[in-house]
Amino acid sequence: GYGATECSKQLDEDAAELDRGRRHAVLFTCFICLLSIAEGYDIGVLNGAIVRVQDEFDASAMALSAIVAITPAAVIPGSLLGSELADTVGRRLALLGSCLVLTIGPICMALSPNIVILMVTRGVVGMGIGMGIVVTSMYISEVAPADIRGGLASFMAVFLNVGILLGYMMNMALLGIKDDWRWMLALGAALPSVLILFLLSPQIDESPRWLYAHGRAAEAEQVLARFSGSLQAQKDIAAMREDSKETLIPWSRMLQAYSDKAPVQRMLLAGLCVPTVAMLCGYLAVAYYSSSLMKESAGERNAFAATIVMGCVKVLFVLIAVSIMDKSGRRPLLIASCAITGVACAWVALAFYNRTHWMYHAFGFSLFMAGFEIGLGPLMFVYPAEVLATAWRAKGIGAAVVISRIIGSSSLFLFPLVVKAIGAGNTFWVQSLTNIAAGCIVWFLVFETKGLSLEGVSELFAD
């Protein structure tokens, strides 16, 4: 009886410790993801600000393309810098650097006297976003308990969509005031500045995987215990010992991965596949240009109102995805996401072909965003952070951001030019076929990671 009582007491204590760890993990994730709100705000607010910038500077289609495309293009060097800083100085200080850039950048954008300066400052913001994407995704994945890791890491997408919605709402609220587009852009500096103060606190934990990789196993176990409980922390440290045959890889090794072992190649293909597909599906073009596409038929205010509805749909469906992700798994959501975005692009193509009421276009864009946020949106950088081994994680996510943003910035630059050349209807037919092909790629390359520890995922790719 006594032994059974002691055993029961110990189980209760372990359960209570695990609950405390989960609450700590959720609170920590919410604070870190404030940066994602700032990143989303930039996407949402530019959707409307670009219309006003065009009016003020009498910008050509080529100039507008460059203004929009420069930010995702600058994400590329930002992601490379972020991954290097994350491995060198740690996840916390790397995230602090991103916040500094995203505080200074929007203020400089708002003060831009001409198109050239605006393009340069948008490039600075893109650098900060690239750093933030890489560091935030790995930071959260490395501290989150395995059973809720998918949901917590997807908070990035939730907060990103809240930011996009805030951007859309600010477009509507500030439209018509003096220097409206400048105020729209400047407000993007608010949350990163708050996060700087948060990250300067010595109470903020460093990533346990980074600590372990730098020979600080005792500190790593203490941090893990705060997030997962002491019992799970001991198991995770033991798994890290088994998984620590390789040190953090340099970029030279990453660039020669094509000649590495087959399991490494399969791991990298899976990790790079999802963010690449997420950019191929046409998300950035819809997010940035939907107001411009609808402005002629709907008018400015109706177009902005339609983007607010689109933003609400995005938030709703990313919340649905987060709530079911750790039960349904990653792979089914990704395949469904490709299918829905393909159907939505076909709907928009038909709407443009038939010159229907602008609300049909708005419905198609909202359907597209629902499909994107049910899988590709929240998993874009959650999945790479899960499938890439600790030694490869920072450089692998950096490479994923580089590849995806080359595709994204190219699509943003080319989209208005293609629409002008072949028409919006034909453009969306091409995009629909692309999304169907993307679904086939996901089917063949993506493995399920639901419920597995970060160290356990690597076994999926073993010979």
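Computed over heavy atoms, backbone and side chain alike; hydrogens, waters and symmetry mates excluded.
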Could you measure the distance from the [atom1] atom of [X] to the [atom2] atom of [Y]? Nearest 0.5 Å is fine.
X      : Y      : atom1 : atom2 : value
Leu316 : Asn161 : CG    : CG    : 10.5 Å
Met138 : Ile133 : CE    : CD1   : 11.5 Å
Ser410 : Leu284 : OG    : CG    : 11.0 Å
Leu191 : Cys33  : CG    : SG    : 12.0 Å
Cys338 : Asn435 : SG    : CG    : 7.0 Å
Ile407 : Thr276 : CD1   : OG1   : 5.0 Å

Heavy atoms, side chains only, cut-off 4.5 Å: are [X] and [Y] in contact?
X      : Y      : value
Phe159 : Glu39  : no
Leu102 : Leu35  : yes
Val418 : Asn426 : no
Asp42  : Arg122 : yes
Cys281 : Leu376 : yes
Trp392 : Met267 : yes
Leu272 : Pro384 : no
Val442 : Val274 : no

Tell me whether [X] contacts the main-chain N or O of [Y] through its side chain, where contact means a donor paired with an acceptor under 3.5 Å.
X      : Y      : result
Gln431 : Leu280 : yes
Ser112 : Asn114 : no
Thr71  : Gly126 : no
Ser98  : Gly132 : yes
Asp179 : Arg182 : no
Asn171 : Gly44  : yes
Tyr41  : Met184 : yes
Thr121 : Gly105 : no
Thr449 : Glu386 : no
Arg330 : Glu448 : no

Considering non-hydrogen atoms only, spot the tightest contact between [X] and [Y] and give its length.
X      : Y      : value
Leu165 : Cys312 : CD1-N, 3.7 Å
Ser432 : Gly342 : OG-O, 2.7 Å
Ala157 : Val318 : CB-CG2, 3.6 Å
Leu152 : Thr29  : O-CG2, 3.4 Å
Val313 : Ser366 : CG1-O, 3.4 Å
Pro192 : Cys99  : CB-O, 3.6 Å

Ring-plane angle category for Phe352 and Phe428, please: parallel below 30°, perpendicular beyond 60°, tilted otherwise. parallel
Does the plane of the ring in Tyr353 sit parallel, tilted or perpendicular to the ring in Trp429? Use 30° and 60° as the thresholds. tilted
Taking the ring of Tyr139 and the ring of Phe28, is the distance between their centroids below 6.0 Å? yes
Kindly state whether the ring of Phe368 and the ring of Tyr283 have centres lying under 6.0 angstrom apart. no
Applying side-chain contact (heavy atoms from CB on, under 4.5 Å), run through Leu185 and Leu118 and close with a yes or a no. CA-CA 11 Å; Leu185 295 176; Leu118 180 59; 4.3 Å; yes
What residues, two or more places apart in sequence or in another chain, satisfy side-chain contact (heavy atoms from CB on, under 4.5 Å) together with Ser83? Val134, Trp251, Ala394, Lys395
What residues form a side-chain contact (heavy atoms from CB on, under 4.5 Å) with Leu93, not counting sequence neighbours? Val89, Leu96
Tell me whether the count of non-hydrogen atoms from other residues, nucleotides or ligands lying under 6.0 Å of [atom1] in [X] goes above 12.
X      : atom1 : result
Met169 : CE    : no
Phe57  : CZ    : yes
Trp358 : CH2   : yes

Among side-chain atoms of Trp210 and Glu142, is any donor-acceptor pair under 3.5 angstrom? no
Please determine whether side-chain contact (heavy atoms from CB on, under 4.5 Å) holds for the pair Met156 and Ser137, giving the CA-CA distance in whole Å, both sets of side-chain angles, and the decisive distance to 0.1 Å. CA-CA 8 Å; Met156 277 181 66; Ser137 59; 3.7 Å; yes
Evaluate the side-chain contact (heavy atoms from CB on, under 4.5 Å) criterion for residues His357 and Phe363: first the C-alpha distance (whole Å), next the side-chain angles of each, then the deciding distance (0.1 Å), finally the verdict. CA-CA 10 Å; His357 191 272; Phe363 174 80; over 6 Å; no
Any salt bridge linking Glu373 with Lys314? Criterion: basic side-chain nitrogen under 4.0 Å from a carboxylate oxygen. yes
For the pair Val26 and Phe155, evaluate side-chain contact (heavy atoms from CB on, under 4.5 Å) and give the outcome as yes or no after the intermediate values. CA-CA 9 Å; Val26 170; Phe155 274 30; 4.2 Å; yes
